[in-house]
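Here's the structure, in structure tokens; my notes come after.
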There are 2 protein chains.
Amino acid sequence: MKRIADSTVRRLSIYLRFLEEFEERGLATVSSEELARRGGTTSAQVRKDLSFFGSFGKRGLGYSVPELLTALREILGLGREWRVIIVGAGKIGAALAQYRGFRQRGFQIIAAYDTNPEKVGRPLEGVQVRDMAQLETDIARDRPDIAVLAIPSDNAQAVLDRVVKAGIKAVLNFAPAQLHAPADVTVKAVNMAMELEGLSFALTNRE
Amino acid sequence: MKRIADSTVRRLSIYLRFLEEFEERGLATVSSEELARRGGTTSAQVRKDLSFFGSFGKRGLGYSVPELLTALREILGLGREWRVIIVGAGKIGAALAQYRGFRQRGFQIIAAYDTNPEKVGRPLEGVQVRDMAQLETDIARDRPDIAVLAIPSDNAQAVLDRVVKAGIKAVLNFAPAQLHAPADVTVKAVNMAMELEGLSFALTNRE
DNA sequence: TCGCGCTTGTGAATTCGTTCACAAACTAGC
DNA sequence: GCTAGTTTGTGAACGAATTCACAAGCGCGA
Ligand SMILES: NC(=O)c1ccc[n+]([C@@H]2O[C@H](COP(=O)([O-])OP(=O)(O)OC[C@H]3O[C@@H](n4cnc5c(N)ncnc54)[C@H](O)[C@@H]3O)[C@@H](O)[C@H]2O)c1
Ligand SMILES: NC(=O)c1ccc[n+]([C@@H]2O[C@H](COP(=O)([O-])OP(=O)(O)OC[C@H]3O[C@@H](n4cnc5c(N)ncnc54)[C@H](O)[C@@H]3O)[C@@H](O)[C@H]2O)c1
């Protein structure tokens with residue numbers, strides 16, 4: 001399949017959110033124009049994004065909301081449950097463990113890991129906190145799909161190496177560190193400090 | 001000034017982080033090649049990024065670590081303190097309020113706001129939680145530069161409209177909602193659900 | 001002081017992503 | 001069934017971002 005741009009995938013996520021809203025409101029169809037207006041893009045962009053995956057609309061009519069919803073879920077791989085582990089049972093780890101939005105979309109948090117003996121054993125927002133020493137054997141047994149790193153920067157690369165070696169192919173990193181992984185492993189980062197610096201730049205360099 | 005691409009600004013943030021590390025380790029100079037290797041990009045990219053803002057290196061030698069550090073801080077607008085308010089004293093709001101990394105880089109959290117009367121008045125991780133009713137008068141008085149939205153999606157657009165009307169020009173949004181603001185207001189989003197969906201897509205569509 | 005090796009800074013070439021523009025396909029009304 | 005009015009799907013045109021490639025500048029050692 002042709003390589004799909006990152007920006008396209010992110011927009012598909014956005015469209016999906018709108019479609020869920022439209023379905024709730026009982027709308028039967030939606031046009032690329034409407035999706036574009038909401039998503040802050042253009043109708044041509046919406047159609048192009050979808051065209052990479054097939055032909056989902058009806059000319060003269062638009063897209064059937066339930067059909068496009070199903071198609072987008074399929075494309076994004078949300079037709080199944082994903083098993084997620086959280087490494088680092090701190091503030092961010094706790095916020096994520098408690099967050100209902102993830103489970104709603106099929107991301108099931110199966111366990112958290114920490115090095116701190118005080119945290120190990122105690123549940124974190126209903127999620128079991130296990131010792132880092134178990135990480136490899138647990139991964140071999142539970143076969144999680146995704147690892148979320150919510151640990152300090154210093155340890156992030158070392159822990160990434162461990163989960164990759166154990167067979168994990170997708171990682172979401174919250175530490176403000178640039179991590180390196182083999183090409184067959186996808187690493188995404190949520191870097192709040194970087195976003196704030198982007199705001200600082202924008203505030204500073206406005207004409 | 002020529003418009004600077006978002007991707008360039010994000011990379012400058014990354015370079016800045018490496019330079020801080022190099023300074024700590026006492027390194028005097030660094031080459032574009034070294035910065036590129038760490039940042040997962042190319043040396044030409046590093047030099048091009050910097051060239052938009054001036055000429056900071058010495059041919060044959062590389063960049064002086066302290067000089068480039070100063071230059072990058074200047075470019076990103078980190079030479080001053082930014083005043084930040086957090087709207088929404090929930091899990092995410094609390095994690096941010098407590099996070100030391102922000103203050104370290106000059107982002108000073110001056111207050112948090114919430115609608116929940118149980119939260120108003122009590123400090124949140126050392127930050128005062130105020131009533132949303134005060135928002136506009138407080139903004140007029142305290143003149144914060146940046147508003148962080150850590151509230152449910154449903155209210156995000158309405159609250160954005162309020163802070164924009166009160167004069168805020170930079171917003172960081174954590175709600176999984178597509179927000180619209182006037183052109184002179186910069187809105188950045190941290191959307192964890194979207195990143196997870198990106199991982200789901202990558203896991204699903206690998207050949 | 002000269003030459004060599006190294007690294008920057010930057011136009012030019014290329015690649016990648018977005019927008020344009022229009023034929024094709026559909027609905028609805030008559 | 002025909003026409004008018006929509007909206008899709010997609011090559012082609014465009015624009016933005018990245019990579020190439022090399023002249024110019026600098027340090028060092030002879
Ligand atoms: N809190 C925020 O608002 C915020 C914002 C931006 C970025 N971050 C980043 O997110 C990461 C986590 O932040 P936090 O606020 O949750 O920190 P935290 O200190 O609350 O939690 C970190 C947890 O990781 C555990 N840990 C440390 N080393 C570990 C290892 N090698 N293996 C397993 N567990 C380990 C610690 O015991 C602790 O429980 C950090 O990298 C931080 O820079 C946090
Ligand atoms: N917790 C997570 O891990 C996580 C992950 C991804 C996204 N998010 C998003 O971040 C946002 C905040 O999440 P959270 O987990 O902190 O939620 P939370 O429920 O813990 O906190 C939300 C807070 O906002 C307050 N609030 C509600 N409406 C308000 C309004 N109009 N004005 C001011 N305050 C208001 C509530 O009283 C509450 O204290 C949500 O949009 C959520 O979807 C959270």
Side-chain angles (χ1 to χ4, degrees), chain A residues 1-15 18-19 22 27-72 75 178 198 201 205, chain B residues 1-15 18-19 22 27-72 75 178 194 198 201-202 205:
Chain A
M1 187 206 283
K2 200 184 166 306
R3 209 193 145 284
I4 302 297
D6 227 63
S7 47
T8 293
V9 178
R10 311 184 108 252
R11 282 192 299 267
L12 293 180
S13 262
I14 296 177
Y15 306 152
F18 296 147
L19 285 165
F22 291 150
L27 299 180
T29 62
V30 64
S31 67
S32 58
E33 188 56 45
E34 174 70 7
L35 281 171
R37 214 176 38 73
R38 297 280 201 117
T41 179
T42 65
S43 63
Q45 180 76 79
V46 172
R47 296 197 299 277
K48 181 68 86 180
D49 286 339
L50 296 174
S51 76
F52 294 129
F53 302 95
S55 170
F56 306 103
K58 277 208 172 45
R59 290 162 194 235
L61 237 196
Y63 301 88
S64 146
V65 170
E67 275 174 32
L68 188 54
L69 204 43
T70 305
L72 280 181
I75 291 166
Q178 203 62 19
F201 177 82
N205 306 58
Chain B
M1 188 205 280
K2 200 182 167 305
R3 208 192 146 286
I4 302 297
D6 225 63
S7 47
T8 293
V9 178
R10 311 184 107 251
R11 282 192 299 268
L12 293 181
S13 261
I14 295 178
Y15 307 151
F18 296 147
L19 285 165
F22 291 150
L27 300 180
T29 62
V30 63
S31 68
S32 59
E33 188 56 45
E34 174 70 7
L35 282 171
R37 215 176 38 73
R38 299 281 201 118
T41 180
T42 65
S43 61
Q45 181 75 81
V46 173
R47 296 197 299 276
K48 183 68 86 179
D49 285 341
L50 295 174
S51 77
F52 294 128
F53 302 96
S55 170
F56 306 104
K58 279 207 170 45
R59 289 161 195 239
L61 197 56
Y63 301 88
S64 146
V65 170
E67 275 174 30
L68 188 54
L69 204 42
T70 305
L72 280 181
I75 290 166
Q178 204 62 20
M194 196 185 278
F201 176 83
N205 307 59

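Sequence lines set the chain letters: A, B, ... in the order given, protein chains first and strands last, and positions in each chain run from 1.
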How close do [X] and [Y] get, counting heavy atoms only, and between which atoms?
X        : Y       : value
A:Leu50  : A:Phe56 : O-CE1, 3.5 Å
B:Val46  : B:Leu35 : CG1-CD1, 4.0 Å
B:Ala36  : B:Ser43 : CB-N, 3.4 Å
A:Asn205 : B:Ile75 : OD1-O, 3.4 Å

How many whole angstroms separate atom [atom1] of [X] from atom [atom2] of [N]?
X       : N      : atom1 : atom2 : answer
B:Arg11 : D:dA17 : CZ    : P     : 10 Å
A:Leu35 : D:dT8  : CG    : C1'   : 13 Å
B:Glu67 : C:dT8  : CD    : P     : 14 Å
B:Phe56 : C:dT10 : CZ    : P     : 11 Å
B:Ile4  : D:dA16 : CD1   : P     : 13 Å
A:Phe52 : D:dT10 : CZ    : P     : 11 Å
A:Asp49 : D:dT10 : CG    : P     : 13 Å

Counting just side-chain N and O atoms, does [X] come under 4.0 Å of either OP1 or OP2 of [N]?
X       : N      : answer
A:Ser32 : D:dT8  : yes
B:Tyr63 : C:dG9  : yes
B:Ser7  : D:dA17 : no
B:Thr42 : D:dT19 : yes
A:Ser55 : D:dG9  : yes

Pick the nucleotide of DNA chain C nearest each of A:Arg47 and B:Gly54; which residue has the one closer to the 5' end?
B:Gly54
Judged by nearest nucleotide, the residue sitting upstream toward the 5' end of DNA chain C, B:Lys48 or A:Asp6, is B:Lys48
Among C:dT19, C:dG17, C:dG9, which nucleotide sits nearest the side chain of A:Gln45?
C:dT19
Euclidean distance, [Y] [atom2] relative to [X] [atom1], rounded to 0.5 Å:
X       : Y       : atom1 : atom2 : value
B:Thr41 : B:Ile14 : OG1   : CD1   : 8.5 Å
A:Ser31 : A:Arg47 : OG    : CZ    : 9.5 Å
B:Arg3  : B:Thr8  : CZ    : OG1   : 9.5 Å

Atom pairs, N/O to N/O, protein against nucleotides 26-30 of chain D, distance under 3.5 Å?
from, atom 1, to, atom 2, distance (Å)
D:dC26, O4', B:Arg59, O, 3.2

Below 3.5 Å between N/O atoms, which protein atoms pair up with nucleotides 2-4 of chain D? Just atom names and distances, please.
none

Please check: side-chain N/O of B:Thr70 versus main-chain N/O of B:Pro66, any donor-acceptor pairing under 3.5 Å?
yes
Need one value for A:Ser43: base, sugar-phosphate or nothing, where a base atom within 4.0 Å counts as base even if backbone is also close, heavy atoms only.
nothing
Sequence neighbours excluded, the answer for side-chain hydrogen bond (donor to acceptor under 3.5 Å, both in side chains) partners of A:Tyr63 is none
All side-chain hydrogen bond (donor to acceptor under 3.5 Å, both in side chains) counterparts of A:Arg10, not counting sequence neighbours
B:Glu195
Qualifying residues under salt bridge (Lys or Arg N to Asp or Glu O under 4.0 Å), relative to A:Arg38, sequence neighbours excluded
A:Glu21, A:Glu34
Distances under 3.5 Å only, N/O to N/O: pair up the protein atoms with those of nucleotides 28-30 of chain C.
none

Less than 4.5 Å apart, any side-chain heavy atom of B:Ile4 and any of A:Phe201?
yes
